[in-house]
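Written out below as structure tokens is the structure these notes cover.
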Amino acid sequence: GDVGRGIVAMLLRRGHRVAAAARNSEHLTALLEELRCPDRLHAVAGSLDSDDRAAVLGAQLRNVLGSIDAVVVSVNAPLLRLTMRSFCLE
């Protein structure tokens with residue numbers, strides 16, 4: 001999404017090597033084409049929706065980077081419209 005793309009772009013501007021992960025490989029391809037930094041930006045398709053898939057994704061990322069210094073999770077959630085009353089404690 002837009003937040004993740006912004007985080008990746010900022011990290012690349014600061015000289016970091018980045019492995020971006022997403023469930024949708026088409027989004028990853030678009031990210032690679034947009035940011036054009038093949039020596040420092042790597043894309044890995046995967047998901048965190050289960051412990052098993054998260055473990056597979058982690059292994060893939062370690063294979064790409066060798067080691068991982070930090071992890072940033074940027075998850076988009078559906079927009080929820082709530083009334084002010086739902087925030088009030090009664």
Side-chain angles (χ1 to χ4, degrees):
D2 293 332
V3 172
R5 179 179 280 111
I7 293 168
V8 168
M10 180 267 308
L11 289 170
L12 291 170
R13 280 194 304 275
R14 292 184 178 189
H16 296 281
R17 286 181 46 221
V18 178
R23 291 182 306 251
N24 186 316
S25 60
E26 292 175 4
H27 291 168
L28 291 170
T29 299
L31 181 69
L32 291 171
E33 291 172 358
E34 176 186 336
L35 297 179
R36 298 175 190 237
C37 198
D39 56 327
R40 289 185 293 119
L41 176 58
H42 309 278
V44 178
S47 180
L48 299 175
D49 65 357
S50 74
D51 289 344
D52 290 340
R53 288 183 181 170
V56 169
L57 179 58
Q60 290 173 318
L61 292 170
R62 282 188 297 280
N63 285 338
V64 167
L65 294 176
S67 66
I68 298 173
D69 295 326
V71 174
V72 177
V73 178
S74 172
V75 178
N76 186 14
L79 177 63
L80 299 176
R81 296 191 184 273
L82 303 173
T83 65
M84 286 302 291
R85 171 172 252 129
S86 66
F87 289 102
C88 298
L89 298 175
E90 299 190 57

- Shortest non-hydrogen pair, S74 vs G4, comes out as OG-N, 3.5 Å

- Message: Listing request: all salt bridge (charged side-chain N to carboxylate O under 4.0 Å, His left out) pairs with a residue in residues 14-31, at least two apart in sequence or in separate chains.
- Response: none

Cut-off 3.5 Å, no hydrogens considered: what does the side-chain donor-acceptor table look like for residues 55-69, sequence neighbours left out?
unit_1, atom_1, unit_2, atom_2, d
R62, NH1, G58, O, 3.4
N63, ND2, A59, O, 3.4

- Item | Sequence-distant partners of D49, salt bridge (charged side-chain N to carboxylate O under 4.0 Å, His left out), two or more places apart | R53

- Message: Can you give me the closest heavy-atom contact between A21 and L28, atom names plus distance?
- Response: C-CD2, 4.1 Å

- Item | Partners passing side chain to side chain donor-acceptor pair (under 3.5 Å) against E34 (at least two apart in sequence or in another chain) | R5

- Message: Which Ile, Leu, Val, Met, Phe, Trp or Tyr residues join I7 in one cluster when any pair of side-chain heavy atoms under 4.5 Å counts as a link?
- Response: V3, V8, M10, L11, L12, V18, L31, L32, L35, L41, V72

- Query: Under 6.0 Å from the CG atom of N24, do we count more than 12 heavy atoms belonging to anything else shown?
  - Reply: yes

